[in-house]
Amino acid sequence: MPRARLISFLSALCLFLAAVENAIPKPLPFLRLGLANLPVILALFLLRRRQVFSLVLFKVLAQGVISGTLFSYIFLFSAGGSFASALAMMVIYEICGKRKGDFCEEKACVRRETNERKFLSVSAIGISLAGSLANTFAQLILARFFLFGENTKYIAPVLLVSGLITGFSLGVFAELFMQRSKWFKARLSEATVIPTLVDSSFTHSEVKKSDEI
């Protein structure tokens with residue numbers, strides 16, 4: 001599947017899940033189940049980091065439009081929590097989560113074609129929990145300065161517990177999906193890693209050869 005089609009598919013999935021999530025009653029206006037984060041978790045394994053952030057931006061805008069909160073304070077909570085969550089998941093993935101088949105050379109990192117994954121110390125459950133906690137802490141900070149002030153401490157336990165539950169549940173689903181889905185395994189085998197260092201000039205051997213000439 002071309003990368004553009006994959007991004008479009010994940011964006012459409014974000015839009016659909018955001019609509020489903022908006023239909024579920026919430027005790028607090030900025031308290032969400034995080035269903036629309038599933039495509040973001042999958043995107044960590046399939047897309048480049050810049051494309052993942054673009055997907056998160058689309059998710060935030062879609063949630064704002066669908067819920068009618070695009071120009072309200074709730075949008076600020078959604079955006080802050082979503083980007084904090086995406087950043088935390090990226091950091092955890094880059095530090096702890098590597099696929100089997102990834103190897104690094106002096107000039108670049110390359111991924112061998114394989115459908116297998118091997119995490120060093122974290123699964124999709126850990127990645128999802130990290131994102132959920134980052135989202136919760138970001139919203140608590142925003143609530144402290146813009147909404148509830150000192151009273152934020154009273155809703156903090158509710159948000160933390162709900163964040164742990166939803167993050168764990170979403171992580172379990174994502175992990176099972178990635179292990180059993182033929183579609184995901186096919187997309188994973190198609191994914192490629194862009195070299196971390198691009199040598200735009202001659203390599204050392206080529207320079208040496210040109211000097212000899």
Ser8: partners by side-chain contact (heavy atoms from CB on, under 4.5 Å), with sequence neighbours left out
none

Any side-chain to backbone donor/acceptor pair from Ser169 onto Ile165? Under 3.5 Å, distance only.
yes

First locate atom CD1 of Ile125, then atom OG of Ser132, and finally report the distance between them rounded to the nearest 0.5 Å.
13.0 Å

Taking side-chain contact (heavy atoms from CB on, under 4.5 Å) as the test, write out the residues that go with Phe173, two or more places apart.
Leu38

Taking atom CZ of Phe168 as the centre, does the number of heavy atoms from other residues, nucleotides or ligands within less than 6.0 Å exceed 12?
no

side-chain contact (heavy atoms from CB on, under 4.5 Å), paired with Leu129, selected from Ile92, Leu164, Thr166
Leu164

Show me the side-chain donor-acceptor pairs of residues 10-20 shorter than 3.5 Å, one per line, residues at least two apart or across chains.
from: Ser11; atom 1: OG; to: Ile7; atom 2: O; distance (Å): 2.8

Apply side-chain hydrogen bond (donor to acceptor under 3.5 Å, both in side chains) to Ser82 and list each qualifying residue two or more places apart in sequence or on a separate chain.
Lys59

Going from CZ on Arg144 to CD on Glu150, what distance comes out if it is rounded to the nearest 0.5 angstrom?
4.0 Å

Rounded distance [0.5 Å steps], CG in Asn22 versus CG in Leu35:
11.5 Å

My understanding is that only residues two or more places apart in sequence, or in another chain, count here; which of them pass side-chain contact (heavy atoms from CB on, under 4.5 Å) with Ser72?
Thr69, Ile74

Which residues share a side-chain contact (heavy atoms from CB on, under 4.5 Å) with Leu57, sequence neighbours left out:
Leu61, Phe83

